[in-house]
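So the structure is just underneath, and the comments pick up after that.
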Amino acid sequence: MADAAAASAEDDDADPGFDSGAGSESTDRPLLGAVAALSLGALALRLLDLGARTAHWDEGRHGYAVLRYGATGVWEYRPILHGPLLAHANELLFGLLGPSDAVARLLPALVGGLLPLSAWLFRERLRRSEVVALAALLAVNPALLYYSRFARSDLLVAAFAFVTVGLLVRLLDTRQPGYLYAASVAFALAVASKENALVYLACWLGAGALLVDHRLFWKRWTLVGDGDSRLAAPGWLRERVDEAVVLFAVLNPLVVALVPGVGRVVAIVLLLVSLRCALWVVPNDGEAFPAIVGFGVAAVSVLVFVGDAIVATYAVAWLVAAAYVLGVLLRGSEAGRTLGLWRGPVVLAGAVFTLVVAALYLPRGAELGALAGDPLLLADLVEAALFGSWTAASDLWFGSVQDQSILPYTIFFVRTLLAGAAVTCIFGVAGFLLDRYRDAGARDLVAFCGYWGLASVVVYPVVMYGTGPWHAVHVAVPLAVPAAVALSLVYRWGRDAVTDRRAVSVALAVLVLSGAVGTAVGVAVTTSYHAPASPDNGLAQTGQPGTKFDTALAHVSAATAGHDGGPDVLYYGAYFAMDDESAADSLPVTDEYGWRNDTYRQLARNEAWYNRLPLPWYFEQQGLVTASARNATALRAALESPPPVVVTRATHRDTVARELGGGYEQYELQLTVNGTDTVIFVNASTGR
C-alpha cells in the first residue's frame, strides 16, 4: 500500500491503496495547503456575522440553562438538553467573553470550520483530487454550514465521529498507537456531545458487517458442503466453534437480562464462572484471557455487593465474555497474534475514553465540592456520570420518544436532505455505485462511508424526536466521502477531455461541476445569510423566530436599567403564564402534580415557560426578574405597581394596552418561523 499511496501523492490518476498496511509518511505540501485553505475559508464563513440570527427556541433553552449553570455552579445531565460538552464549553466561554448568540455558537462554528481538515486523514485512501473535493464538501455543504452557526450539538457529534473514523483509518495505515488514543478521545467527545453517538456506533457496526460480507464471507462461503447439501462455514470458523462457544451463546447476558430480579446477577456470575472453567480449550501460550476472566468475576462480585449496579454488571459481563470468545476464535492466527500485541494500547485507549466521558458527565455541584472531604463519594459520582446518564437517556429515547409514526418523519427527512444536502446526497450515491463497480473493486473506505450514510437515512427517521432539520448533518458528513469520489471522477473526465480536445465532454464536465458548486454555494448563502429565518428555508426549524429582536431588546435593556422594587417583566395570558416562576430556576421546567383533597391532580401549570422561548435567554442575560398574570384580574393586580416590560400574545394587545393606560411603546415579534405573534410593551419613560 505504501507504494500505491506514494504514487497517489505524485499522480492523481494513480489508484490509492485500500488494504491496511504501513503507509508513507511523506508530506504532500500542495495537497495539505489546499485542504488548509479550504478549512480557513470554512472558518471565515462560519464566523461571519455569527450572532445576526435571533436565537432558535432550542438555542434559547440551552443558553438559559448554561446561564443558570454559571450562576449556581450546579449541573446535572438531562437527556432532553443533550450531552454536557457544549454546556461546559459555553459556561467557560460566557465567563470569558460574556453571554451572547455569537459566543453560544462559537464552539460549533470552530469545530465546523476545522472539519475540512479531517480530509487530510484519508490521504492514503483517496486520490489527491478526492481529498480536495472532500474538504470542499465539508466546507460549503449548506446543512453543515447552517448548523455550524447554531448552538446545538448535532454538528459536534457528527464532526467528532467523522474524525474518529479518520484517526482509525490512519491507525490502519501507520500502525502507530497514538492514532488509537486520539480516536478514543475523539469518540469520547462525540459521546459527550449528544446521545446519538450510539447511533453512529450502530451504523458503523452495520457498515462493517456489510464490508465483511462482501470482502470475506461472500467469496468463502459455499452452498454445498463435502458430500452433503448444507450451508458450510469457512474452515477456520468451524475449527473454533466448540462446546465452550455454544455455552456462551446459551448463557449470554442478553438472555440473562430476561430473568427478573436477583437471579439476573446470580446468572451472570455463573456465566463467568462457567467461562472460566471452560478455558481449558484456550492454549496457554501467553494469552491473558484467564486473567481477564478472573478480573471480570472479581469485578462483578464487588459490584453485586456494593449496591445496585445491574448496568455495570452487564457491561463487565459483556467485556469478559467477548474477550473470551474473541480469544477462542482468533487463537493461533495472525489476527490473534496482532491482537495480543495491541492488548495494551487497546486497554489504555478504553481507559482514556472512559475517563474523558466520566469527567464530562460528572455532576457539578455540592457533591463534587465535597470530594476533598470524602473521596469515597467519587464512586457514586462516576456511577451517576456513566450509568445514571445511560439510564436517563434510554428511558427517554427508547420510551415515549419512540411512540411515533415513521412515514411522516421519513418524508420530512428526505425533504430536508434535498433542501440542505442535495449535492452531497446525489453525488454520494453516484460515487458509491461508481466505486463499487469499478474494475479494481470497491475501496473499503468509500464502501464503508456509503453504507454508513445510507444507514443513517433509514435510521434517523426512526430515532429523531420531532421534525429537526439538523439531523441532515448526520447523513451529509459520511456521504461526503463517496460524493468526493464522484466529483473527482467528473473532474478527471473533464481534464482528460481537455487533453484529448473533446469539446463536448469538456462542456459536460464543466456543466456538471459548475452546477454542483453553484447549487451548493447558492443554497448555503441563501439558507445561512440571506434568509436564515424564512419559512421558505428548508433548514429553519419551526422554533426559529421569524423576526429580529435587537430593537426591542435594546429598549427593554434601557427601560429596566434603573428599575427596582418589583418584577422587571410581566408575562400576560395563559399561553405564557406560570403558577410558580421559581420552577425555571433550573431546567427542565415541569408541571406539578400531587394529592389534594384525596385527589391526584395538577397543582401548578409551569410548562408554559417553554412558550416564552427564546425570550428567557435574552432576559436572563440582563438579569431581569419575571412574573406572570394568567387572566385580566391578575393583570390588574400586577399593574398596581406597573413593571417596565409586559409581554403578551398579539391577541391580547388591546386588553393590555387598555389596562396600562398609555406611556408604553409596542414592539411586535414572531417567536416562531410561522408566527406566534407576540407584543412587548416597554415603558417609554423609564431609562431614557
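Values in this document were obtained by computation on a predicted structure and should not be read as measured data.
Contacts classified as side-chain hydrogen bond (donor to acceptor under 3.5 Å, both in side chains) and involving residues 65-75 (residues at least two apart or in different chains) are given here: R68-E620, Y69-H88.
Listed for the D591 side chain is a donor-acceptor partner under 3.5 Å among the backbone atoms of E607. Without hydrogens or angle criteria, Q670 side chain to Q544 main chain gives no donor-acceptor distance under 3.5 Å. Distance alone, capped at 3.5 Å, places no donor-acceptor pair between the N90 side chain and the L93 backbone. In this structure a side-chain-to-backbone donor-acceptor pair under 3.5 Å is missing from H652 to R649. At distances below 3.5 Å, at least one donor-acceptor pair connects side-chain atoms of N537 with backbone N or O atoms of A531. Checking side-chain atoms of W609 against main-chain N and O of P588 turns up no donor-acceptor pair under 3.5 Å. A distance-only check finds no donor-acceptor pair linking the side chain of Q622 to the backbone of L624 [under 3.5 Å]. Using modelled atom types, no side-chain atom of Y667 and backbone atom of F549 make a donor-acceptor pair closer than 3.5 Å.
Side chains of T424 and N141: a donor on one and an acceptor on the other come within 3.5 Å. The closest side-chain donor-acceptor pair between Y618 and D550, if any, does not fall under 3.5 angstrom.
With sequence neighbours left out, the side-chain hydrogen bond (donor to acceptor under 3.5 Å, both in side chains) criterion links T547 to no other residue. Legend: residues meeting ring-ring contact (aromatic ring centres under 6.0 Å, His included) with Y575, ordered by chain and number and at least two apart, are absent. For R605, there are no salt bridge (charged side-chain N to carboxylate O under 4.0 Å, His left out) partners, not counting sequence neighbours. H62 is linked by a ring-ring contact (aromatic ring centres under 6.0 Å, His included) to nothing, counting only residues two or more places apart in sequence or in another chain. In this structure, the salt bridge (charged side-chain N to carboxylate O under 4.0 Å, His left out) partners of D58, at least two apart in sequence or on a different chain, are R61, R152. In this view, R653 and E668 satisfy the salt bridge (charged side-chain N to carboxylate O under 4.0 Å, His left out) rule, not counting sequence neighbours. E592 meets the side-chain hydrogen bond (donor to acceptor under 3.5 Å, both in side chains) test with no other residue; sequence neighbours excluded. For E581, the salt bridge (charged side-chain N to carboxylate O under 4.0 Å, His left out) test picks out R612, with sequence neighbours left out. Q621 meets the side-chain hydrogen bond (donor to acceptor under 3.5 Å, both in side chains) test with no other residue; sequence neighbours excluded.
Nearest heavy-atom pair, Q541 versus T467, reported as atom, atom and distance to 0.1 Å: CG-O, 3.3 Å. Across every non-hydrogen atom of P535 and N674, the tightest pair is CB-OD1, 3.8 Å. Between A161 and A190, the closest heavy-atom pair is N-CB, 4.1 Å. Minimum heavy-atom separation, L587 to A65: CD1-CB, 3.7 Å. The nearest pair of heavy atoms linking S193 to L156 is OG-CB, 3.6 Å. What you find for D568 and G623 is that their closest heavy atoms are OD2-O, 4.3 Å.
F413 places a side-chain heavy atom less than 4.5 Å from the side chain of V475. For the pair L639/L660, a side-chain contact is recorded, criterion being any heavy-atom separation below 4.5 Å from C-beta on. In this structure, V66 and L86 have side chains that are not in contact, with every pair of non-hydrogen atoms separated by 4.5 Å or more.
By the 4.0 Å N-to-carboxylate-O rule, K194 lies close enough to D154 to be salt-bridged with it.
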Please list every donor-acceptor pair under 3.5 Å in which a side-chain atom of residues 196-203 meets a protein atom from a residue at least two apart or in another chain.
| unit_1 | atom_1 | unit_2 | atom_2 | d |
| --- | --- | --- | --- | --- |
| N196 | ND2 | Y460 | OH | 2.9 |
| N196 | ND2 | H474 | NE2 | 3.2 |
| Y200 | OH | H474 | ND1 | 2.6 |

Could you go through residues 44-51 and list every donor-acceptor pair under 3.5 Å that involves a side-chain atom there, pairing it with any protein atom two or more places apart or in another chain?
| unit_1 | atom_1 | unit_2 | atom_2 | d |
| --- | --- | --- | --- | --- |
| R46 | NE | G112 | O | 3.4 |
| R46 | NE | S148 | OG | 3.2 |
| R46 | NH1 | A42 | O | 3.2 |
| R46 | NH1 | A139 | O | 2.9 |
| R46 | NH2 | L138 | O | 3.3 |
| R46 | NH2 | A139 | O | 3.1 |

Check your understanding: Can you check side-chain contact (heavy atoms from CB on, under 4.5 Å) on L144 and L155, steps first, answer last?
Key -> CA-CA 7 Å; L144 298 183; L155 187 281; 4.1 Å; yes

Practice item. Start with the C-alpha gap between L96 and V103, add the side-chain angles, then the distance that decides, and say whether side-chain contact (heavy atoms from CB on, under 4.5 Å) holds. Key: CA-CA 10 Å; L96 294 174; V103 175; over 6 Å; no

Practice item. Run the numbers on W617 and F94 for ring-ring contact (aromatic ring centres under 6.0 Å, His included), then give the verdict. Key: CA-CA 13 Å; W617 152 239; F94 288 175; 5.7 Å; yes

Check your understanding: Checking side-chain contact (heavy atoms from CB on, under 4.5 Å) for the pair D101/R53: CA distance, chi angles, key distance, verdict?
Key -> CA-CA 8 Å; D101 290 340; R53 177 176 51 81; over 6 Å; no

Exercise for review: Go through the steps for N606 and D579 under the test side-chain contact (heavy atoms from CB on, under 4.5 Å), then give the verdict.
Suggested key: CA-CA 6 Å; N606 293 320; D579 291 341; 4.1 Å; yes

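In this structure, F187 and W204 have tilted ring planes: the angle between them lies in the 30° to 60° band. By the 30° and 60° cut-offs, the orientation of the rings of F150 relative to H56 is tilted.
In this structure, CG on L553 lies 6.5 Å from CZ on F619, to the nearest 0.5 angstrom.
With S628 as reference, Y571 is the one residue of F576, Y572, Y571 to meet the side-chain contact (heavy atoms from CB on, under 4.5 Å) rule.
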